[in-house]
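One structure below.
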There are 2 protein chains.
Amino acid sequence: METQILPVASCHQLPFPDADLARVPINKQSTASISPYLLPDKDRIKMKVIDKIVGADPNRVVFSFEFFPPKTEDGVDNLFERMERMVAHNPSFCDITWGAGGSTADLTLEIANKMQNNVCVETMMHLTCTNMPVEKIDHALHTIKSNGLQNVLALRGDPPHGQDKFVQVEGGFACARDLVKHIRAKYGDYFGITVAGYPEAHPDMIQSDGLATEEGYQNDLAYLKSKVEAGADLIVTQLFYDTDIFLKFVNDCRQIGITCPIVPGIMPINNYKGFIRMTGFCKTKIPAEIMAALDPIKDNEEAVKAYGVHLGTEMCKKILAHGIKTLHLYTLNMEKSALAILMNLGLIEESKISRSLPWRRPTNVFRVKEDVRPIFWANRPKSYISRTIGWDQYPHGRWADSCNPSYGALTDYQFMRPRARDKKLIEEWAVPLKSVEDIYERFRMFCLGKLKSSPWSELDGLQPETKIINEHLEKINMKGFLTINSQPAVNGEKSDSPTVGWGGPGGYVYQKAYLEFFCSKEKLDALVDKCKDRTSLTYMAVNKEGSWKSNVGQTDVNAVTWGVFPAKEIIQPTIVDPLSFNVWKDEAFEIWSRGWASLYPEGDASRKLIEEVGTSYFLVSLVDNDYVNGDLFAAFADF
Amino acid sequence: METQILPVASCHQLPFPDADLARVPINKQSTASISPYLLPDKDRIKMKVIDKIVGADPNRVVFSFEFFPPKTEDGVDNLFERMERMVAHNPSFCDITWGAGGSTADLTLEIANKMQNNVCVETMMHLTCTNMPVEKIDHALHTIKSNGLQNVLALRGDPPHGQDKFVQVEGGFACARDLVKHIRAKYGDYFGITVAGYPEAHPDMIQSDGLATEEGYQNDLAYLKSKVEAGADLIVTQLFYDTDIFLKFVNDCRQIGITCPIVPGIMPINNYKGFIRMTGFCKTKIPAEIMAALDPIKDNEEAVKAYGVHLGTEMCKKILAHGIKTLHLYTLNMEKSALAILMNLGLIEESKISRSLPWRRPTNVFRVKEDVRPIFWANRPKSYISRTIGWDQYPHGRWADSCNPSYGALTDYQFMRPRARDKKLIEEWAVPLKSVEDIYERFRMFCLGKLKSSPWSELDGLQPETKIINEHLEKINMKGFLTINSQPAVNGEKSDSPTVGWGGPGGYVYQKAYLEFFCSKEKLDALVDKCKDRTSLTYMAVNKEGSWKSNVGQTDVNAVTWGVFPAKEIIQPTIVDPLSFNVWKDEAFEIWSRGWASLYPEGDASRKLIEEVGTSYFLVSLVDNDYVNGDLFAAFADF
């Protein structure tokens, strides 16, 4: 009996034919009871800053941070550590400047790549015309496109170092508008393009009295409009300290038909001399009351900073009161003032760092569907990102549907770390070791939070949820089960719980208790014995040379973290599976030698001890599948 | 920074290089704490009966049922109803005979198709050489292959009606071995091929004394071996009543090198005359004690049946005691004796019908990956199967990954139902209706279990879990919310719970409370109002002409049933989503006119009333996303 198959549209009316629906814009439909973080797929792939701003809840203020490429390698390391902390507060994007005259082009490209893919924040890269023939422009655009970035701030740029006036380079562009045109012509709609707006007109228009003529101001506005018409979709303003000037500027833009969002650029005053130098360079008007307030405290750096936070807060309050819900903070690579202003405004809470998933999803356009990961890299997300960068498809919803992903080889990259952390590691881990008990002691102290670093972790200290079980962890580390990863069981906690929550309010989250540790073969054998009676425990164990023990099938994929949200399929972001475990184990064992032993000189006795343990111990992954009534640590009671 | 990407195998050792593992066959690895029903994917696609038997837990007895094509249409209807009940006890397969001389070929093909795809049991079709030129053989094989069947029982077949001896038809095969050879040559490994084994030798070998000569018996054994060598992978025996003869036969087979499983065919004695006729036809030896036991009760049909159950039980016990763990029951299309024997053996429990998913997964080879379905067809699985039969890919684990499946058109097929049920429907639903309250009354009575049929259901009566909430359902039906589908909230019940459990022991199952009903526009508006305060409720509503109201997005997919099992990803077999809801609504509204109103004569007042309601009411799908603390029925309290 044959059944005629027709496309849906031909066998009944269109799925949503009603006028009720037609009146509601698509992004307004999912309002009631839908989690604000776990947006539907159609929203999740909004990576352009303009879409994020337009698509945001109209009552929510979105903010962003600007950084510049530091001059030293240590500076770069420090910037990334700072950025990690700032990004935890969920800015809608961060941008990185191109550097005067393109002098730091390669560095900017590398930083932008890391911001997008390792720090996992939506990244907007500045691009200027200064010293940039079109090939260099295209090289930069091609690079960020293939790195998964989708946002550019197009600028003419300052004159090259040592010159007074901007000069069009041969084969380059004369102005930002032409750069915008080029990007649109060559890359279509791929990029979100932002341009700069000058509330006091472009510095070139500013007369010796510190003001632009009305004609100069109007010409500059008209030019801004032409940049938008050329294809820009967002305006971020130059810094200003007179809020009224900014508000008038927005109004003037609207008058001449500029309709795109205009984001105020706020630079908190951090330092008196810097402030004077910057405003002088940008020809920014400083209201008299600001000078009057700064003058008596100009030599007291702390007082200047405090005033800067106060002033920034008041400026932002006034702007927000006028219905503008976006703020861009020029951080000058410093975090405190920017965060203090946002905290004063109630836009961030120190204690409540919200997570859309248990791990931070890279914003790379190629990875937008990624929402499942093996637990093994929980403490080494950068290594995971690096080793999966060649994947064409990231698993979406279900790990088992991605067949046999091949991981990148173990390269030096996985062991590269910011130098600042290396110092801590040497101090905390490169201590004299006389026996395996001294090795146990390092792991014990780390899991109690008494050490800040671990060779097996790229993170600073412990994940908050580890603290829930750290006394249990201490005990088993003392018994020679050297833990490197763990999570407590969670049986339906509210999804906005500060310790284990993710995905926003309205849902429930779950975890199976998990432990990952190194132990000797004898201890493993005893543990395997105990698993026979405890049927809710599943384990996988492997040593450096690949000897394998497990009670799960080769293709079994165990979801160990999942969440249930309104009007959603079950989200299961963390899994345990044999295939990735076997990839991870190479890295985990390599860390014994390259991450720890190598901190000691060749021939050192401690080094030898570490290498012995790393060669003989098993890496064990243990799941208690009974997250309701189980007790994972009970299996260790008799050791 | 480029990371070199290599396939897994080239960047480290093979994933499972250890000898520990090599010693364990793959299907033995997943033993500890793995649910026996939710087998890993690699096992799930074992559709050949031989693989199911070899892959089964060696301590578990597997059983199967044989049926034959009934002679009348009513008989076919009745057979399917019976089969539904018997298949609920999880036989490893069912087979359907080809009918003497291929007289019922088309009917057999159609029944086999429905067994596999609608009843959802692994189906083995008999195929004989009688009157079958190779084109007919290939037509039959091609048909079942394209219907997703993978099992054939290859027989020579009986002589055609009215003839004494088997005659090879022109262009056909002379014996089962040649048929086996042909199937293997033409279809490779696609089919699992079973052949018949004759514990007392083939009837053709039986002499007038009722026995085969030793030479005849040995020749028959050698021929059986040649059938296996030609490509058969399983033997099912002819019926027998002397268990020792069967056990000797198995032993003799092993002696001459037949190694495949040999499944005993057991035919419970149902009726004295039938028993004598059948054993005479098959030339089966009847042990004297059986004749002695039957003789005094031969006119008491009940006593004969009871003896048949007793005898069958004892025979099976003896066979099982000899380590043979498979039983094939010749049911003669009757259910009671076969089920009674299995119950006596402790192989089935009346109260405990186990489910691998909340709905029965079709065994069709093309649908093996199917494990997600929209809830809307919960009571009309045959309609769902029919409307999705053209799909290339069934969703596996996640509905949202299958983009816009197109459903088959609404054809008459959806309204075809066994006649037996039509009678009940006319009796229970085609009653005089004076007002909408009389309509409410039908729905109320159905949800209380006082009616056995409903135009919106293909099932007999209610699902067991509906009983948990039927008092709530009664109340809202009386208020004019005419429920056609519902499920209670379930917050982590054990997965072997008799009412809501599925997937076997060791896991936990969950459900979001769900209601689907028809109601007037006024009642819908009032309900929508109540949803504004109850943020955990999400709804979709649509009327016959497509007017749409909802508080979910067009692409939101809501998992309303899910389960958590050891070493598994989350299984989420039932979902609610706008796209399938809009396909289903056409069917749901069509049932008002074609399924209910049409039971009355044209122009009847009751018919008119039904059609008015069906045209004006909305179909509403309502989910309470808070399965932990929610109370779906509270929203109806003030009506």
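Each chain gets a letter, A, B and so on, in the order its sequence line appears, and its residues count up from 1.
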Legend entry - Engaged part of N629(B) at the chain A interface, taking heavy atoms whose separation is under 4.5 Å: both
Inset, instruction - Would you mind checking which part of K532(B) comes under 4.5 Å of any heavy atom in chain A, side chain (CB onward), backbone (N, CA, C, O), both or neither? - result: neither
Legend entry - Greatest number of heavy atom pairs closer than 4.5 Å to chain A - which of D577(B), D626(B), V560(B): D626(B)
Legend entry - Reported CD1-to-CD distance for the pair I570(B) and E569(A), which is rounded to 0.5 angstrom: 12.5 Å
Inset, instruction - Check whether the ring centres of Y508(B) and Y510(A) lie less than 6.0 Å apart, and answer yes or no. - result: no
Legend entry - Structural part of V623(B) lying under 4.5 Å from a heavy atom of chain A: neither
Inset, instruction - Measure the spacing between CD of Q572(B) and CD of Q572(A) and express it to the nearest 0.5 Å. - result: 6.0 Å
Legend entry - Side-chain heavy atoms of D556(A) within contact of K568(B), under 4.5 Å: yes
Inset, instruction - Taking the side chain as every heavy atom from C-beta outward, state whether N625(A) and F565(B) have any atom pair closer than 4.5 Å. - result: no
Legend entry - Under 4.5 Å from any heavy atom of chain A - which part of N491(B): side chain
Legend entry - Best-contacting candidate, V576(A), N543(A), V564(A), against chain B by heavy atom pairs under 4.5 angstrom: V564(A)
